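Data first, discussion second: the structure below is written as structure tokens.
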Amino acid sequence: MGIKKYADEVAFIKSSKYREIIIYEIGENFKMPKEISKAKNIHLSEVSRALKGLKEKEIVEIINPDAKKSRIYQLTPKGKELLKILNFK
């Protein structure tokens with residue numbers, strides 16, 4: 001585990017001003033996009049776009065994938081490792 005193993009993912013997260021903020025906001029909890037949007041004053045469409053990319057990279061996952069609205073996101077084990085790496089920076 002470490003930066004070398006996850007170098008591509010760290011670069012992906014840091015290449016967007018919103019991805020890193022969203023990962024920190026979710027942390028060890030779970031959040032809905034609207035909660036992240038309100039807490040960090042980021043437009044909901046930007047939150048949704050960032051979450052989509054993070055999901056594609058398997059950094060976040062949807063807890064309730066059958067829900068059409070009010071989806072709940074949490075970090076995957078990989079996402080939690082990345083959070084630890086980013087916290088050391």
Side-chain angles (χ1 to χ4, degrees):
M1 292 180 289
I3 189 83
K4 287 185 179 183
K5 180 178 179 180
Y6 292 119
D8 290 340
E9 288 86 349
V10 169
F12 174 75
I13 292 165
K14 290 191 161 285
S15 69
S16 162
K17 63 182 177 179
Y18 298 122
R19 291 182 194 126
E20 191 168 5
I21 292 169
I22 289 169
I23 286 175
Y24 285 125
E25 180 63 21
I26 295 172
E28 294 292 325
N29 301 304
F30 49 87
K31 299 274 181 161
M32 294 188 322
K34 191 173 184 177
E35 292 175 310
I36 298 168
S37 175
K38 284 184 177 183
K40 296 301 178 184
N41 199 27
I42 302 171
H43 196 276
L44 186 58
S45 64
E46 294 293 344
V47 172
S48 296
R49 184 177 301 119
L51 285 169
K52 180 180 178 185
L54 293 167
K55 183 178 178 295
E56 288 171 358
K57 295 280 188 179
E58 298 178 350
I59 297 168
V60 300
E61 62 188 354
I62 301 170
I63 297 173
N64 56 341
D66 294 330
K68 296 292 181 196
K69 290 188 176 185
S70 302
R71 288 190 171 165
I72 302 170
Y73 289 80
Q74 69 179 7
L75 295 180
T76 61
K78 177 180 175 180
K80 290 177 183 178
E81 284 297 318
L82 287 164
L83 180 62
K84 289 178 189 174
I85 291 167
L86 293 167
N87 277 329
F88 288 118
K89 302 271 171 219

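Side-chain atoms are counted along with the backbone in the values below, which use heavy atoms only and exclude waters and symmetry mates. Everything numeric in this text was worked out from a predicted model, so none of it was measured.
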Pairing residues for K78 by the side chain to side chain donor-acceptor pair (under 3.5 Å) criterion, not counting sequence neighbours | E9

Residue that, paired with L82, satisfies side chain to side chain contact (heavy atoms under 4.5 Å, CB included) out of V10, N87, T76 | V10

Distance (rounded to the nearest 0.5 Å) between E25 CD and L75 CG | 11.0 Å

Nearest heavy-atom neighbours spanning I22 and A50 = CD1-CB, 3.4 Å

From Y6 atom OH to K84 atom NZ, the distance as rounded to the nearest 0.5 Å = 10.0 Å

Same apolar cluster (I L V M F W Y, side chains within < 4.5 Å links), F12/I42 | yes

So which of K34, K40, E35 actually passes side chain to side chain contact (heavy atoms under 4.5 Å, CB included) with K38?
-> K34

Linking I/L/V/M/F/W/Y whenever any side-chain heavy atoms sit under 4.5 Å apart, do I72 and I59 land together?
-> no

Does the R71 side chain pair with the main chain of A67, one donor and one acceptor, at a distance under 3.5 Å?
-> yes

Gap between atom CD1 of I23 and atom CG of L83 - 0.5 Å precision | 7.5 Å

With a cutoff of under 4.5 Å between side-chain heavy atoms, which Ile, Leu, Val, Met, Phe, Trp and Tyr residues group with L44?
-> none

Could I get the full list of side chain to side chain donor-acceptor pair (under 3.5 Å) partners for Q74, not counting sequence neighbours?
-> E61

Steps toward side-chain contact (heavy atoms from CB on, under 4.5 Å) verdict (L54, I13) = CA-CA 8 Å; L54 293 167; I13 292 165; 4.2 Å; yes

For Y73, which of N29, V60, I36 qualifies under side chain to side chain contact (heavy atoms under 4.5 Å, CB included)?
-> V60

Among the clusters formed by ILVMFWY side chains lying less than 4.5 Å apart, do V47 and I21 turn up in the same one?
-> yes

Is there a path of hydrophobic side-chain contacts, each under 4.5 Å between heavy atoms of I, L, V, M, F, W or Y residues, that connects F30 with L51?
-> no

Output for pair (Y18 OH, S48 OG), nearest 0.5 Å, gives 12.5 Å

Would you say K14 and L86 make side-chain contact, with heavy atoms under 4.5 Å?
-> yes

Within a radius of less than 6.0 Å around NZ of K80, do more than 12 heavy atoms belonging to other residues, nucleotides or ligands occur?
-> yes

